[in-house]
> 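Before we start, here is the structure in question, set down as structure tokens.
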Amino acid sequence: MFQDAPIYHQLVAERGDVPARVRDAATTIRLELEQVMNTGRPPGPFAPAQPQSPQTQAPRHNAALPPGPHPR
């Protein structure tokens with residue numbers, strides 16, 4: 001599509017072939033999603049976290065907020 005445009009070649013030389021990288025990433029995601037939808041599990045080693053009792057769970061912290069008191 002853009003291969004005949006001189007600006008395309010210049011951008012590819014400067015930034016890399018971004019559309020090709022996006023297509024590759026989309027293909028990888030699509031294949032992984034298909035595997036998850038077919039098997040119910042993601043590809044590769046995956047061990048779901050074992051549920052912990054409330055006594056052994058570490059307190060959850062909201063890393064998006066700065067330390068200190070927060071309005072409730």
Side-chain angles (χ1 to χ4, degrees):
M1 172 172 32
F2 298 108
Q3 285 77 9
D4 295 332
I7 188 73
Y8 179 80
H9 295 292
Q10 181 181 347
L11 287 171
V12 168
E14 291 175 6
R15 306 287 178 152
D17 195 351
V18 176
R21 292 195 324 238
V22 170
R23 281 191 301 274
D24 290 345
T27 299
T28 300
I29 292 168
R30 182 183 54 79
L31 294 173
E32 289 177 2
L33 181 57
E34 283 178 6
Q35 182 171 355
V36 169
M37 296 302 290
N38 290 332
T39 66
R41 293 188 307 234
F46 175 76
Q50 299 297 320
Q52 296 178 339
S53 66
Q55 295 86 8
T56 60
Q57 287 181 341
R60 294 179 57 112
H61 299 285
N62 189 342
L65 298 175
H70 303 291
R72 300 263 172 189

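Keep in mind the model is a prediction, meaning the values are calculated, not measured.
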> Quick test of your reading: applying salt bridge (charged side-chain N to carboxylate O under 4.0 Å, His left out), list the pairs with at least one residue in residues 17-27, sequence neighbours left out, ordered by first then second residue.
none
> Nearest 0.5 Å, what's the CG-CG distance between L33 and N38?
9.0 Å
> Once side chain to side chain donor-acceptor pair (under 3.5 Å) is applied, do any residues pair with R30, and if so which ones, sequence neighbours excluded?
E34
> Who are the side chain to side chain donor-acceptor pair (under 3.5 Å) partners of Q35, not counting sequence neighbours?
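For Q35, no residue satisfies side chain to side chain donor-acceptor pair (under 3.5 Å) once neighbours in sequence are set aside.
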